[in-house]
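Report on the following structure.
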Amino acid sequence: MQLHFLGTGAGMPSKERNTSALMIKLLDEVSEMWLFDCGEATQHQILHTSLKPRKVTKIFITHLHGDHIFGLPGFLSSRSFQGGDEPLTIFGPPGLQQWIEQTLALSKTHLTYPLYFVEVQEGIIFEDAHFTIYAQELRHVVPCYGYRIEQKNLPGELLIDKAQALGVPKGPLLGQLKNGYDIVLENGHVIQAKDVVAPSKKGFTLTILGDTKYCEEAIQLSRDADIIVHEATFDGTMTTLAASYGHATNVEAAKVAQQAGADYLLLNHLSARFLPQDLPQFLAEAQAIFPQTLLTSDQAIFTWQNNKLI
């Protein structure tokens, strides 16, 4: 799994940071990519990457502020021009479907693929054989949701040397064992899958929080997560100002990660008031509370591999 940050700024674009957009690459897991929020010029940011819009099958919108949705019409249109014909599902708060459909209709935009909408409510909003996704309303100035993505346990590796030592020939019987089925060899011996397959591996848990002030809901949604992506619009000197705008500070994001028992914290959605020279101190403030804190930037890529974020 890879996190590709396309926009990490707050409010309006700056020279250093575009508005909110995060692509989750799940090509190895399910041959899909999922986009979380789609601020203005997200499709321009994608042009500087190897990401393919036609591979995006799901879009999750946290809330309806412009810096999180103004890139949607352009992205949806470009996906058509770039050969996208697979269905696309958009998850988001009430009103999102109406806004998109009216925008596409008034601009005479024709999509070459089916477009579906899921109006988000708290609880499970998606589940298949690989993932369960939960939504939780946070505390912003408009309805805003955070998303928790839980990957289901992965099957253990087939211990092929052990299987062959027990007489299992190369071929479909090995596949049956890997899929958890016991088999019977030609000589009548029964080989149990549990004897030649390693224990299952725990899947990852990723929590992506929309705009929010410090709140218990963020902690609950982040409980025991491997990775939290949390807004940090302000620094620790601006706690009162942050709360008045429905936002959080870097220090408050670190407290959420600490109290949730998470492994990693990625600070996202930074105000343009913080210049490059301000960022070392900005990060240090959060790391003093939660050492495993990292700072996002436009086009930054983080990879989850062997239970570590690199």
Side-chain angles (χ1 to χ4, degrees), residues 1-4 23-36 52 54-58 60 86-89 91 116 118 122-136 146-208 219-229 257 260-266 292 301-310:
M1 184 266 293
Q2 250 185 11
L3 308 177
H4 196 138
M23 190 76 79
I24 310 299
K25 292 178 68 175
L26 297 166
L27 299 180
D28 292 337
E29 292 83 358
V30 289
S31 297
E32 298 179 19
M33 297 193 301
W34 299 348
L35 179 62
F36 286 78
K52 306 296 183 186
R54 57 185 170 80
K55 299 293 289 185
V56 177
T57 60
K58 297 177 182 62
F60 299 85
E86 294 296 316
L88 175 64
T89 302
F91 299 77
Y116 302 106
V118 175
E122 292 190 335
I124 295 175
I125 60 168
F126 173 80
E127 185 169 15
D128 65 6
H130 305 283
F131 291 96
T132 304
I133 302 179
Y134 302 83
Q136 173 80 47
Y147 297 102
R148 178 184 176 96
I149 302 99
E150 292 186 358
Q151 182 186 32
K152 296 184 178 180
N153 286 350
L154 304 171
E157 294 182 25
L158 175 66
L159 307 175
I160 191 166
D161 291 341
K162 189 173 182 179
Q164 290 180 337
L166 293 172
V168 182
K170 292 182 179 179
L173 291 179
L174 289 173
Q176 292 179 36
L177 286 169
K178 180 172 176 55
N179 290 328
Y181 297 102
D182 299 339
I183 64 169
V184 181
L185 301 180
E186 288 185 357
N187 60 13
H189 289 168
V190 176
I191 308 297
Q192 295 186 324
K194 65 180 180 63
D195 294 330
V196 293
V197 176
S200 62
K201 298 179 181 178
K202 181 182 177 297
F204 67 81
T205 297
L206 167 66
T207 296
I208 298 173
I219 298 170
Q220 292 173 1
L221 197 63
S222 304
R223 188 74 64 193
D224 298 322
D226 295 299
I227 307 165
I228 302 173
V229 179
D263 290 336
Y264 293 92
L265 169 65
L266 298 177
Q292 290 292 82
I301 300 173
F302 297 88
T303 302
W304 181 251
Q305 185 174 320
N306 297 324
N307 294 324
K308 290 185 178 180
L309 192 63
I310 57 176

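Since the structure is predicted, the reported quantities are computational estimates derived from the model, not experimental observations. All values below were derived from every heavy atom in this structure, side-chain atoms included, with hydrogens, water molecules and symmetry-related copies excluded.
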Close side-chain approach of Leu185 to Val168, heavy-atom, < 4.5 Å: yes
From Met23 atom CE to Leu3 atom CG, the distance as rounded to the nearest 0.5 Å: 12.0 Å
Distance-only, no hydrogens or angles: does the Asn187 side chain make a donor-acceptor pair with backbone N or O of His189 under 3.5 Å? yes
The criterion is ring-ring contact (aromatic ring centres under 6.0 Å, His included); which residues satisfy it with Phe131, sequence neighbours excluded? Trp34, Phe204
Could you state the interatomic distance from CD (Gln176) to CD1 (Ile191), rounded to the nearest 0.5 Å? 12.5 Å
Side-chain contact, heavy-atom cut-off 4.5 Å: Val56 with Leu88? yes
May I ask you to decide if Asp128's main-chain N or O and Lys152's side chain share a donor-acceptor pair within less than 3.5 Å? yes
In short, Ser222 meets Ile228 closest at the heavy-atom pair CB-CD1, 3.4 Å
Those residues that, when tested against Asp263, pass salt bridge (charged side-chain N to carboxylate O under 4.0 Å, His left out) (two or more places apart): none
Could you tell me if Thr205 and Glu150 have a donor-acceptor pair between their side chains, going purely by distance under 3.5 Å? no
Step through the shown structure and confirm whether more than 12 heavy atoms of other residues, nucleotides or ligands are within 6.0 Å of NZ on Lys201. no
Are any of the side-chain heavy atoms of Lys308 and Asn306 separated by less than 4.5 Å? no
How close do Leu174 and Pro169 get, heavy atom to heavy atom, and via which atoms? CG-O, 3.7 Å
Close side-chain approach of Thr57 and Glu86, heavy atoms under 4.5 Å: no
Just checking Glu122: does its CD atom have more than 12 heavy atoms from other residues, nucleotides or ligands closer to it than 6.0 angstrom? yes
Do Ile149 and Ile24 come close enough that some side-chain heavy atom pair is under 4.5 Å? no
Give me the atom names and distance for the closest heavy-atom approach of Ala193 to Tyr181. CB-O, 3.8 Å
Tell me whether the rings of Trp304 and Tyr264 are parallel (<30°), tilted (30 to 60°) or perpendicular (>60°). perpendicular
Side chain of Arg148, backbone of Arg223: donor and acceptor closer than 3.5 Å? yes
Give, for atom NZ of Lys178 and atom CG of Leu159, the distance between the pair rounded to the nearest 0.5 Å. 9.5 Å
Check: Thr207 side chain, Leu221 main-chain N or O, donor-acceptor pair, under 3.5 Å: yes
Under the 3.5 angstrom rule, does the side chain of Glu29 hit a backbone N or O of Met1 as a donor-acceptor pair? yes
CD of Gln192 to CG of Leu177, rounded to nearest 0.5 Å, is 10.5 Å
Closest approach of Gly156 and Val197, non-hydrogen atoms and distance? O-CG1, 3.5 Å
Under the ring-ring contact (aromatic ring centres under 6.0 Å, His included) test against Phe60, which residue among Tyr134, Phe126, Phe91 passes? Phe91
Evaluate side-chain contact (heavy atoms from CB on, under 4.5 Å) for Asp226 paired with Leu206, printing each intermediate quantity in order. CA-CA 6 Å; Asp226 295 299; Leu206 167 66; over 6 Å; no
Output for pair (Leu309 CG, Thr303 OG1), nearest 0.5 Å, gives 7.5 Å
Quick one: pull up CD in Gln292 and CG in Leu266 and give me the separation to the nearest 0.5 Å. 10.5 Å
